[in-house]
Amino acid sequence: MSQAAKHPHHVAIIMDGNGRWAQMRGRPRLLGHHAGARRVKEIVRACPDLGVRYLTIFAFSTENWKRTQTEVAGLMRLFKRYIRREAKALFEENVRVRFIGDRVRLEPALVDLMDGLELMTAGNTGTNLTIALNYGGRDEVTRAARRLAHDVAMGKLDPRAICDETFPRYLDTYVLPDPDLVIRTSGEARISNFLLWQSAYAEYEFIDTLWPDFTPAVFAQVIGRFGQRERRFGAVMA
Ligand code: FPP
């Protein structure tokens, strides 16, 4: 059951450090988020050469609503702008985009853009980009449990059939493989409610680089280190 991994199939990234990057330059935090959005583009483009088929990025958490109204509104504007500006390029680069998280609290104009981009890229067969927006691992598991309980109440699901194979079908990520590698930038060693269920056997890389400085070259180094790791999935080495 031991597996020498060459490159990770699915990489998930907690893009942290935008605010500090801007503050270090005496600029408003939102400028850091804009720089972070430019990095997103480059990192998505780097995936095919690195053998990364699935990239999942944490753009806005269920806890991020606690930030100032200015920052939250600025981020929402940035997400809308990113989708409007990047949709064509993402489509042409064969990227399939999906969003995870609870859409209920998001403004309808943003949800329309998200739905439109998912639909537009639904037939693409290249990199699978998943953007976590208003996402929280506990919130996702709670919403899944609610849907599952509903199916049981409706007689559609036998409680005896609930196991670690059936439960994930209720998660936002039901069509995605589990991440092999979770990267967090900016030096913080926390997972902050990201992909709690899905990351059970993931490798973690906490790196000091702030997200706007996370170049494709740094990404390639992290992927290279992953290739050196021995993954055992709970088994003992032979
Ligand atoms: C965390 O850094 C970052 C965020 C909460 C936002 C992430 C958003 C982007 C990278 C922008 C664009 C994304 C897309 C998908 C277009 P922080 O602000 O917490 O940094 P700090 O810890 O230094 O304050």
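Whatever order the structure lists ligands and atoms in, that order sets their numbers, starting from 1.
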(request) Over 60° means perpendicular and under 30° means parallel, so classify the ring planes of Tyr135 and Phe194, tilted if in between. (result) perpendicular
(request) For atom 19 (O) of ligand 1, state which one of Arg29, Met24, Gln23, Arg67 supplies the nearest heavy atom. (result) Arg67
(request) Group every Ile, Leu, Val, Met, Phe, Trp and Tyr by side-chain heavy-atom contacts under 4.5 Å, then state whether Ile191 and Phe214 land in the same group. (result) no
(request) Tell me which protein heavy atom sits closest to atom 3 (C) of ligand 1, plus the residue, atom name and distance to 0.1 Å. (result) Met15 O, 3.1 Å
(message) Can you report which non-hydrogen protein atom sits closest to atom 16 (C) of ligand 1, along with the distance?
(response) Tyr82 CG, 3.4 Å
(message) Checking the N or O distance criterion of under 3.5 Å, is ligand 1 in contact with Val40?
(response) no
(message) To check your reading of the model: name the closest protein heavy atom to atom 6 (C) of ligand 1, its residue, and the distance in Å.
(response) Ala59 O, 3.3 Å
(message) Can you tell whether the side chains of Arg147 and Asp151 come within less than 4.0 Å, N to carboxylate O?
(response) no
(request) Kindly indicate whether the side chain of Trp21, heavy atoms from C-beta on, has any atom under 4.5 Å from the side chain of Ser186. (result) no
(message) Using the rule that Ile, Leu, Val, Met, Phe, Trp and Tyr join whenever any side-chain heavy atoms are under 4.5 Å apart, tell me whether Trp197 and Ile57 fall into a single cluster.
(response) no
(message) Can you confirm whether Phe91 is buried at CZ, in the sense that more than 12 heavy atoms of other residues, nucleotides or ligands lie under 6.0 Å from that atom?
(response) no
(request) Report the nearest protein non-hydrogen atom to atom 13 (C) of ligand 1: residue, atom name, distance rounded to 0.1 Å. (result) Phe79 CE2, 3.8 Å
(message) Looking at every heavy atom in both Tyr174 and Pro168, which two are closest together, and how far apart are they?
(response) CB-O, 3.6 Å
(message) Side chains of His9 and Tyr54, heavy atoms from C-beta outward: is any pair under 4.5 Å?
(response) yes
(message) Does any N or O of ligand 1 fall below 3.5 Å from an N or O anywhere on Gly17, backbone included?
(response) yes
(request) Could you tell me the residue and atom name of the protein heavy atom closest to atom 4 (C) of ligand 1, and the distance to it rounded to 0.1 Å? (result) His33 CE1, 3.9 Å
(request) Have a look at Thr185, Leu78, Asp16 and point out the one with the heavy atom closest to atom 17 (P) of ligand 1. (result) Asp16
(request) Return the residue, atom name and 0.1 Å-rounded distance of the protein heavy atom closest to atom 5 (C) of ligand 1. (result) Asn64 OD1, 3.6 Å
(message) What I want to know is whether Asn18 and ligand 1 share at least one N or O pair that is separated by under 3.5 angstrom.
(response) yes
(request) Tell me, please: is Ser186 in heavy-atom contact with ligand 1, that is, under 4.0 Å? (result) no
